[in-house]
**Student:** 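Okay, handing you the structure first.
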Amino acid sequence: MSGFAVRNRIREFRVQKAEMTQAALAEACGVTRQTIIALEAEKYSPSLELAFKLARSLERNLEEVFQYAEK
Amino acid sequence: MTKALRRTQVLLAMAALGAAGMFLGTDGWYGIDIGPVGSAVLYAALWLFVVHLARYSSEVFPEQWSPAEKQAWVAVVFMALVTFHVANLLLALPDLGAEADQLRNSATRPLWINLGMLIFGWIVIGSMVRKQDAAAVRLDERDLRIAHRASRFADGALALLIIWLVVALVTLPEQSRTWLRPLIAANVLISLLVARTLVENIYTVWRYRRERA
């Protein structure tokens, strides 16, 4: 159980989406840029609502952006 | 490290030196009362910081700090100064004897003036920092989660402090308790609340730092 964590591909999809900046993604989701930095570094696991907002802003499915996988 | 950041550190060191001078007070340095000098240095550092922040607002705080983290750092500095002033009062009160029973005495008067100046400075600096991030989101779920954790941690610390105080009062020999007058006990309780807020703010900045590492 402890060997698993929420992983994400936010950075990868953000760069693919016409080089979207962290600030632009933060504004679209209503969070600070520092939270996007923490998310991309996998130092912070978002709430379900924020996870949906991120997926929608990146035009991806939730499962594409977030995975519950081994560390 | 930028020049603005270095200047900030110099001003903080200056404030700490001033506070130390105030703390030594009449016991002083080679018999000289350096309390008023310390006070002047502390408040000069504070107002220089206000000027510094007004001129170099975007450079004083590192870019990777969120608006809530900046506010938490400002709170740590001011709460540390408030705690220091309250601790100074607690040390001075037992020496006043019967005068300590009066709400207005020679030790509380300067405290109220100093606290007023600190709160005013806090409001000014806090609003300057807020203005810096006017267009951005200032508080989000991550900040709220950290604030919630800090509050829980501070509540635990307060409970421990109260237990420690109760044990200390119960185990103190009766003759050592003569200094414990009602108003001193009231000030001790207020100082516990001040200490709780300081612990909460220190935990908050520590948490932000840890999440970045």
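Chain identifiers are assigned alphabetically (A, B, ...) following the order of the sequence lines, protein sequences preceding nucleic acid strands; residue numbering begins at 1 within each chain.
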**Student:** Name the option with the most non-hydrogen atom pairs under 4.5 Å to chain B; the candidates are L39(A), L50(A), I37(A).
**Tutor:**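 Heavy-atom pairs under 4.5 Å are most numerous for L50(A).
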
**Student:** Side chain, backbone, both or neither: which part of A41(A) has an atom under 4.5 Å from a heavy atom of chain B?
**Tutor:**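 The answer is neither part of A41(A).
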
**Student:** If only atom types and distance count, is the side chain of D140(B) paired as donor or acceptor with the main-chain N or O of R142(B) below 3.5 Å?
**Tutor:**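 Side chain of D140(B) to backbone of R142(B): a pair is present.
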
**Student:** Is there a donor in the side chain of E141(B) and an acceptor in the side chain of Y44(A), or the other way round, less than 3.5 Å apart?
**Tutor:**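 Judged by distance alone, the side chains do pair up.
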
**Student:** With no hydrogens and no angle check, is any side-chain donor or acceptor of S151(B) less than 3.5 Å from a backbone partner on A147(B)?
**Tutor:**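 Side chain of S151(B) to backbone of A147(B), a donor-acceptor pair under 3.5 Å: no, none is there.
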
**Student:** Mark yes when over 12 heavy atoms from residues, nucleotides or ligands other than E27(A) sit less than 6.0 Å from its CD; otherwise mark no.
**Tutor:**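 No, CD of E27(A) has 12 or fewer neighbouring heavy atoms, counting only those of other groups under 6.0 Å.
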
**Student:** Under a 4.5 Å cutoff for heavy-atom pairs, which residue among E49(A), R33(A), K43(A), Q34(A) has the most contacts with chain B?
**Tutor:**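 With the most close heavy-atom pairs to chain B, the winner is Q34(A).
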
**Student:** With a 4.5 angstrom heavy-atom cut-off, which part of R145(B) approaches chain A: side chain, backbone, both or neither?
**Tutor:**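 For R145(B), side-chain heavy atoms alone lie under 4.5 Å from chain A.
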
